[in-house]
Amino acid sequence: MKISVKDGPSGDIQTGETVGDALSELGIASQDILAAKVEGAVVDLSRPLSASSTVEPLRFDSSEGREVYRHSSTHIMAQAVKELFPAAQLTIGPALEDSFYYDFAFERPFTPEDLERIEERAAEIIKRNLTITRQEFSKQDAIDFFKARGEHYKVELIQGFPDGEPITVYTQGDFVDLCRGPHLPTTGSVGAIKLLNTAGAYWRGDERNPMLQRIYGTSFPTRAEVDAYLARLEEIKRRDHRKVGKELDLISIQDEIGPGLVLWHPKGAAVRLLIENFWREQHIRDGYQLVYSPHTARLDLWKTSGHLDYYRENMFPSMKLEGSEYQLKPMNCPYHIMIYQSHLRSYRDLPIRYGELGTVYRYERTGVLHGLMRVRGFTQDDAHLFCRPDQMEQEVSRVLDFTFFVLRTFGFHQFEVFLSTRPKESVGGDEHWTLATSALEAALKSRNISFHLDPGGGAFYGPKIDIKIKDALGRSWQCSTVQVDFNNPERFELSYIGEDGKAHRPIMIHRALMGSIERFFGILIEHYGGAFPTWLAPVQAVVMNITDHQRDYIVAVVAQLRAAGFRAEADLRNEKIGFKIREAEKAKVPFMLVAGNREMQDGTLSVRGRSGSNLGSMTVAEVLGLLGTEVKHTQREFQPTH
RNA sequence: GCUGGCGUAGCUCAAUCGGCAGAGCAGCGGUUUUGUAAACCGCAGGUUGGAGGUUCGAUUCCUCUCGCCAGCUCCA
């Protein structure tokens with residue numbers, strides 16, 4: 001039979017030879033080939049070839065190769081655990097993007113000391129270089145086999161598998177695990193393994209189930225790559241917005257105020273104000289009308305909107321006042337709907353776009369609160385568009401353009417887009433869903449945006465597009481969302497008068513670009529490591545004197561910078577210049593402007609950029625130009641394309 | 001909410017196997033007038049998250065509670 005290697009040689013191979021042998025016969029075998037893709041399926045190198053096919057060798061540089069690598073690593077870790085703690089039962093152990101974990105049913109949590117021992121044992125298992133073999137069992141045989149080994153979770157898993165299909169089992173030495181595979185040829189194929197941490201995790205992710213002991217770890221071909229990964233974890237810690245937010249005095253969350261409730265300190269508030277001003281200006285440019293709504297409303301409003309039925313457990317409890325009940329708002333939509341309702345609307349009025357930086361309060365379970373990323377009171381950059389069905393695609397395209405513009409302005413350039421379709425439980429007729437879903441899809445296609453489909457992932461009231469941004473450390477965050485809503489227009493009986501003189505139901509689109517300002521700010525802090533671009537920096541320049549002689553000069557320069565609209569501060573303290581520089585560096589101020597007698601005489605400033613760059617001497621006018629250019633470079637104005 | 005860990009000065013962290021709680025930085029007062037990431041001297045700063053219990057004595061041990069952290073689950 002003929003075997004051809006993708007982008008490589010091809011030749012005649014005897015039927016029944018393994019993938020690995022075939023590759024070496026074709027002269028491209030090497031240690032770094034981990035598995036192979038045969039006709040689209042990832043398989044072990046030990047898999048026999050039965051028909052002519054194309055083989056693609058998988059190495060660590062492919063995501064599929066890495067997955068096999070991490071998957072085998074988690075088996076090695078599991079083997080180490082079983083050797084050291086035979087009472088531990090196996091459950092599941094998948095590969096993650098850069099790491100892996102395995103969940104064990106064990107009587108107690110693993111300690112850091114256990115982890116060290118397990119890691120040592122894992123390294124030893126790698127050294128043993130055990131061959132990893134694949135076997136197929138019938139369902140009943142597999143159940144009997146794992147029952148006999150006391151692996152009750154494995155038995156439960158197998159019982160859930162469809163009848164008639166073979167069950168695959170992988171063996172390395174004495175260690176046997178139920179696994180779909182594929183795996184590396186030997187345990188020695190793993191270069192370096194490092195266990196990271198332990199945590200509790202529910203069996204099958206359900207909090208009603210017993211809690212298992214999860215161990216996280218990672219592995220790479222070389223120790224150096226493991227170290228680089230650990231360094232990256234350190235960098236993530238260094239940039240943690242909770243740490244940086246405190247160091248730069250941006251925000252605080254205090255016990256006395258309440259968990260999940262954020263205080264914006266002057267510098268954090270300065271950045272927020274810049275974000276908000278930018279947001280408002282650009283929305284007005286893009287044809288939105290900005291509105292405001294109160295933080296509470298009669299409970300009846302939330303009954304009409306349906307929030308009380310399906311969102312109550314996430315709402316603060318209501319409060320009684322003058323014989324009626326009021327509810328702290330968990331969403332902005334009903335208010336915008338009521339503004340729409342306040343007039344009879346014509347088809348000529350549509351689309352109507354209401355935008356609001358609307359602060360909402362949601363009851364989040366204590367365990368899920370996390371710095372700025374998950375809070376109980378937050379401000380959504382919310383907007384609701386009311387449009388005719390024929391305007392939907394155009395409006396969604398417009399929102400997409402606007403979203404990418406805003407995200408790019410804040411320094412995000414890599415995105416992942418998801419289109420989520422009708423879930424099992426949903427409201428609205430088929431024709432609505434089809435129309436809306438195809439409008440979303442057409443909008444994405446019209447902008448040449450590649451996207452992943454998330455079938456059944458939509459809200460019960462309509463399909464949606466979610467946009468995830470990738471930050472400087474390659475982590476994904478979901479901020480933006482565009483959701484079509486058939487439910488609220490029905491519930492509130494929204495209408496507009498069409499050309500035909502009859503009432504029609506408008507379509508409502510919910511959308512947020514940043515999601516919540518709190519979370520977005522947290523992401524920004526980590527993205528920039530606190531070193532905001534000049535247009536967002538709470539303080540753009542610190543002007544500092546060398547001795548008291550330059551005091552008046554500094555004061556005058558600061559006044560000039562401020563008059564030109566820049567956020568400048570004077571540092572006139574009786575301290576050495578090195579100390580002042582250090583403080584400004586720690587505060588991540590973009591520009592440090594130093595004046596001694598020399599500069600004062602020449603009417604110049606010695607300009608130092610953040611992180612040490614020496615930009616030389618400049619006149620005050622030149623400094624103004626420099627700051628202006630810096631700001632313009634990063635902040636842009638939206639140009640609607642419609 | 002669940003499992004585990006942790007709460008000591010404004011911040012970062014020591015110490016107490018149950019016996020007077022201690023440093024650096026920050027703050028305040030002086031000295032110093034300084035050239036690109038930390039000048040020097042001094043002063044002050046604490047019901048050791050909160051409540052209860054055991055004890056001659058608790059910050060340390062126990063119980064409860066609040067909060068934080070790592071995850072699970074959920075989510076903007």
Side-chain angles (χ1 to χ4, degrees), chain A residues 101 103 106 108-112 196-216 237 240 242-243 246-247 249 252-260 311 313-314 330-332 358-360 362-382 466 477-481 483 510-523 542 544-551 572-587 592-599 606-616:
Chain A
Y101 68 82
D103 288 344
F106 194 48
R108 62 168 178 87
F110 293 107
T111 64
L196 300 167
N197 55 308
T198 58
Y202 299 105
W203 168 236
R204 298 190 152 172
D206 189 327
E207 64 189 28
R208 289 165 301 191
N209 285 338
M211 182 152 285
L212 309 170
Q213 304 303 330
R214 176 170 296 182
I215 303 179
Y216 286 92
K237 266 193 209 158
D240 190 309
R242 292 165 299 185
K243 184 172 179 286
K246 191 188 273 184
E247 284 166 357
D249 197 14
S252 67
I253 297 171
Q254 300 178 28
D255 199 9
E256 291 83 343
I257 307 286
Y311 207 72
E313 62 190 33
N314 282 304
M331 307 256 180
N332 302 301
T359 303
V360 298
R362 298 182 184 178
Y363 170 68
E364 299 288 352
R365 300 159 99 192
T366 50
V368 306
L369 299 173
H370 179 90
L372 290 171
M373 302 305 194
R374 191 76 181 274
V375 293
R376 285 186 175 160
F378 60 98
T379 300
Q380 294 181 306
D381 68 317
D382 214 354
D466 290 326
W477 301 97
Q478 203 221 299
C479 298
S480 317
T481 183
Q483 309 184 350
H510 307 247
R511 56 99 285 200
L513 312 179
M514 301 183 283
S516 108
I517 296 190
E518 282 75 7
R519 171 186 282 186
F520 194 71
F521 187 48
I523 297 166
V542 173
M544 40 189 96
N545 55 344
I546 304 248
T547 71
D548 283 345
H549 289 113
Q550 303 93 36
R551 196 181 185 89
L572 300 166
R573 291 175 302 171
N574 176 10
E575 297 286 354
K576 292 180 124 173
I577 195 66
F579 181 80
K580 295 185 186 182
I581 293 282
R582 179 182 152 81
E583 298 252 301
E585 282 286 352
K586 285 208 306 186
M592 283 148 262
L593 310 173
V594 179
N597 280 333
R598 272 201 311 271
E599 288 80 8
S606 169
V607 182
R608 185 191 207 273
R610 192 157 48 188
S611 65
S613 57
N614 180 4
L615 305 177

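Only heavy atoms go into these numbers, but all of them, side chains included; no hydrogens, no water, no symmetry mates. Keep in mind it's a predicted model, so treat the numbers as computed, not measured.
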As a check on the pairing definition, encode RNA chain B in dot-bracket form, counting Watson-Crick and G-U wobble pairs whose two distances are under 3.5 Å, and using | for partners outside this strand. (((((((..((((.....[..)))).(((((.......))))).....(((((..]....))))))))))))....
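Among the atoms of the strands shown, none is found under 4.0 Å from any heavy atom of A:D466. Among the atoms of the strands shown, only primed sugar atoms or phosphate atoms (P, OP1, OP2) are found under 4.0 Å from some heavy atom of A:K246. Counting any heavy atom pair closer than 4.0 Å across all strands shown, A:I546 reaches a base atom.
Close to B:A37, at under 4.0 Å from its OP1 or OP2, lies no side-chain N or O of A:R610.
Atom name C1', nucleotides B:G45 and B:C25: the rounded distance is 13 Å, in whole Å. Rounded to whole Å, the separation between the C1' atoms of B:A44 and B:G30 comes to 14 Å. Rounded to whole Å, the P atom of B:U12 lies 26 Å from the corresponding atom of B:C17. The same atom, P, is picked in B:G1 and in B:A38; the two are 47 Å apart, to the nearest Å. Taking atom P on both B:U65 and B:C74, the two are 26 Å apart, rounded to the nearest angstrom. B:A51 and B:C66 are spaced 15 Å apart, taking the P atom of each and rounding to whole Å. B:U63 and B:A21 are spaced 25 Å apart, taking the C1' atom of each and rounding to whole Å. Spacing of C1' atoms, B:G10 relative to B:U73, comes out at 36 Å, to the nearest Å.
Rounding to whole angstrom units, CZ of residue A:R608 and P of B:U36 are separated by 10 Å. Atom CD in A:Q254 sits roughly 21 Å away from atom P in B:G7 (whole-Å rounding). As a whole-Å value, the separation of A:D103 CG from B:G4 P is 16 Å.
A pairwise comparison of heavy atoms in A:W203 and A:N209 identifies O-ND2, 2.8 Å as the closest pair. Between A:I581 and A:M592, the closest heavy-atom pair is O-SD, 4.0 Å. Listed here is the closest heavy atom pair of A:V360 and A:Q380: CG1-OE1, 3.9 Å.
Judged purely by atom type and a 3.5 angstrom limit, A:E585 uses its side chain to pair as donor or acceptor with the backbone of A:S611.
Side chain A:E599 to base B:G35: a donor-acceptor pair is found below 3.5 Å.
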Readout for nucleotides 67-76 of chain B: B = base within 4.0 Å of protein heavy atom, S = sugar-phosphate only, - = neither; 5' to 3' it is SSSSBBBBBB
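A salt bridge links A:D240 with A:R242: the closest approach of a Lys/Arg side-chain nitrogen to an acidic carboxylate oxygen falls below 4.0 angstrom.
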Using the 3.5 Å cut-off, write out each protein N or O paired with an N or O of nucleotides 38-45 of chain B and the distance between them.
| from | atom 1 | to | atom 2 | distance (Å) |
| --- | --- | --- | --- | --- |
| B:A38 | N7 | A:R582 | NH1 | 3.1 |
| B:A38 | N7 | A:R582 | NH2 | 3.4 |
| B:A38 | N6 | A:R582 | NH2 | 2.8 |
| B:A38 | N1 | A:R582 | NH2 | 3.1 |

